[in-house]
Amino acid sequence: MSETILALLNRIAAASSIDEAWERATGHFASLGFKRVNYGFTRFKHLKTIGDPDDALFLSTCDADYVKRYFQGGFYAKTPVFRWAERSSGICSWTWVKEAFEAGRLSAEEAEAVRQNAAMGVVAGISVSFPEVSSRSKGALGLIADPGLTAEAVDAILAQRKEEILAVANMMHLTIVHLPQLSRHRALSPRQREALEWVADGKTTQDVALLMGVSPAMVEKHLRLAREALAVETTAQAVAKGALLNMIFQRQPEVAQAAR
């Protein structure tokens with residue numbers, strides 16, 4: 001591995017925000033011929049669902065129309081590479097999708113997804129499915145080949161740069177999952193975070209009121225708003241979810257992340 005890649009990995013690992021790690025990794029992927037990149041991660045996978053989409057993290061360098069259709073419209077779940085990522089870990093090019101489509105081996109829904117992608121100029125690329133230690137977590141990355149880059153050319157890039165692509169992707173993923181996942185859907189105020197952190201430490205409402213210098217009623221208000229922001233019923237659930245999303249006991253970056 002070159003010194004340049006080692007330096008990049010160190011820069012990604014030192015990122016203080018999700019956006020920073022994302023931009024450093026995707027800048028490198030763009031230099032390899034993949035300016036369009038999609039990434040998704042959830043800690044709330046259950047059976048065949050990713051859980052509440054507002055709790056998942058979606059990142060993309062694609063244009064707004066594609067992002068809206070791919071993520072918000074749920075198009076990603078119909079693609080063959082998503083099905084592959086659900087049950088696999090590792091890296092693969094999309095050549096197998098092309099071959100399966102041409103041989104008629106895809107389901108009707110998957111075949112239609114391939115046709116729709118082709119209409120949008122998405123015809124070749126690479127997928128990375130990250131191994132997870134939790135049965136509820138799953139993350140995956142899609143690198144869409146630049147226009148004019150054929151499936152054969154992508155295979156050649158993968159053969160030559162596989163370990164490099166995996167190293168950058170894995171470092172990006174590991175860095176992102178340890179950073180606060182901030183979005184307009186799950187925003188906590190500094191006082192709400194503080195109240196949850198004291199509760200997590202085992203403090204009572206009276207204790208938290210003294211520590212924060214406010215009334216017990218104000219503590220209850222902070223906790224209620226935190227529960228609402230995290231879409232849970234109890235304060236214990238808010239503590240657990242806030243911890244899973246790295247929203248408490250974390251040094252908060254000054255700039256919030258872009259909408260997911």
Side-chain angles (χ1 to χ4, degrees), residues 10-25 39-47 49-60 67 71-72 74 130 132-139 171-260:
N10 283 328
R11 289 196 297 272
I12 294 172
S16 60
S17 71
I18 289 174
D19 285 345
E20 187 179 351
W22 173 247
E23 289 167 6
R24 289 175 177 176
Y39 170 80
F41 175 67
T42 180
R43 294 178 173 87
F44 303 97
K45 182 170 70 73
H46 180 65
L47 298 177
T49 75
I50 64 167
D52 186 341
D54 283 347
D55 293 328
L57 176 65
F58 297 117
L59 300 172
S60 181
V67 170
F71 290 121
Q72 297 177 11
F130 301 103
E132 305 294 347
V133 296
S134 168
S135 62
R136 302 294 300 276
S137 298
K138 191 59 190 178
M171 182 60 75
M172 181 204 77
H173 175 63
L174 292 171
T175 300
I176 284 175
V177 301
H178 286 94
L179 287 167
Q181 185 174 318
L182 307 177
S183 77
R184 65 176 180 269
H185 303 293
R186 296 287 184 257
L188 293 178
S189 73
R191 296 297 263 176
Q192 290 164 17
R193 287 198 303 270
E194 184 180 0
L196 284 178
E197 288 169 357
W198 285 125
V199 171
D201 280 341
K203 305 299 183 184
T204 66
T205 300
Q206 293 289 342
D207 293 335
V208 177
L210 288 172
L211 289 163
M212 294 181 64
V214 298
S215 68
M218 183 58 68
V219 172
E220 291 290 356
K221 180 180 179 181
H222 289 319
L223 294 175
R224 174 176 58 79
L225 292 174
R227 292 193 297 270
E228 291 175 0
L230 293 168
V232 297
E233 296 295 327
T234 69
T235 298
Q237 291 169 342
V239 169
K241 194 168 189 178
L244 277 173
L245 296 175
N246 296 321
M247 295 175 70
I248 60 175
F249 297 115
Q250 290 276 342
R251 181 176 65 84
Q252 301 296 317
E254 295 180 1
V255 180
Q257 312 307 316
R260 306 298 177 210

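Computed from heavy atoms alone, side chains included, the values below leave out hydrogens, waters and symmetry copies. Small disclaimer: the values here were computed from a predicted structure and weren't measured. Nothing fancy with the numbering, it's 1 onward along the sequence.
When side chains are defined from C-beta on, T205 does not count as touching V199, because their heavy atoms never get closer than 4.5 Å.
The side-chain hydrogen bond (donor to acceptor under 3.5 Å, both in side chains) test applied to R136 returns no partner, not counting sequence neighbours.
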* To do: Please report the C-alpha distance between L57 and Y39 in whole Å, then the side-chain angles of each, then the deciding distance to 0.1 Å, and finally whether the side-chain contact (heavy atoms from CB on, under 4.5 Å) criterion is met.
  => CA-CA 8 Å; L57 176 65; Y39 170 80; 3.9 Å; yes
M212 and H222: side-chain contact (heavy atoms from CB on, under 4.5 Å), yes or no, with the steps?
CA-CA 11 Å; M212 294 181 64; H222 289 319; 3.9 Å; yes
Does L188 form a side-chain contact (heavy atoms from CB on, under 4.5 Å) with L225? I'd like the steps, not just the answer.
CA-CA 8 Å; L188 293 178; L225 292 174; over 6 Å; no
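A distance of 10.0 Å separates NZ of K221 from OG of S215, quoted to the nearest 0.5 Å. The CG atom of D201 sits 10.5 Å away from the CG atom of D207 when rounded to the nearest 0.5 Å. To the nearest 0.5 Å, the span separating CD on E228 from CD on E233 amounts to 10.5 Å. Considering CG of L211 and CH2 of W198, their distance stands at 4.5 Å, rounded to 0.5 Å.
Nearest heavy atom pair, residue A195 against residue V208, reads CA-CG1, 4.3 Å. When all heavy atoms of V177 and N246 are compared, the closest pair comes out as O-ND2, 2.7 Å. The shortest non-hydrogen separation linking L230 to M247 is CD2-SD, 4.0 Å. Pairing each heavy atom of I248 with each of V239, the nearest pair is CD1-O, 3.7 Å. Taking every heavy atom of both residues into account, A209 and P216 meet most closely at CB-N, 3.7 Å. Here the closest non-hydrogen pair linking A21 and A15 is N-CB, 3.6 Å.
Remark: R224 does not engage E220 in a salt bridge, criterion side-chain N to carboxylate O under 4.0 Å. Salt bridge present: E20 and R24 bring a charged side-chain N and a carboxylate O closer than 4.0 Å.
No side-chain donor from either of R227 and T234 sits under 3.5 Å from a side-chain acceptor of the other.
When each of T175, L174, I176 is checked for a side-chain contact (heavy atoms from CB on, under 4.5 Å) with I12, only T175 meets the rule. Considering K138, H173, R43 in turn, H173 is the only one that fulfils the side-chain hydrogen bond (donor to acceptor under 3.5 Å, both in side chains) rule with E132.
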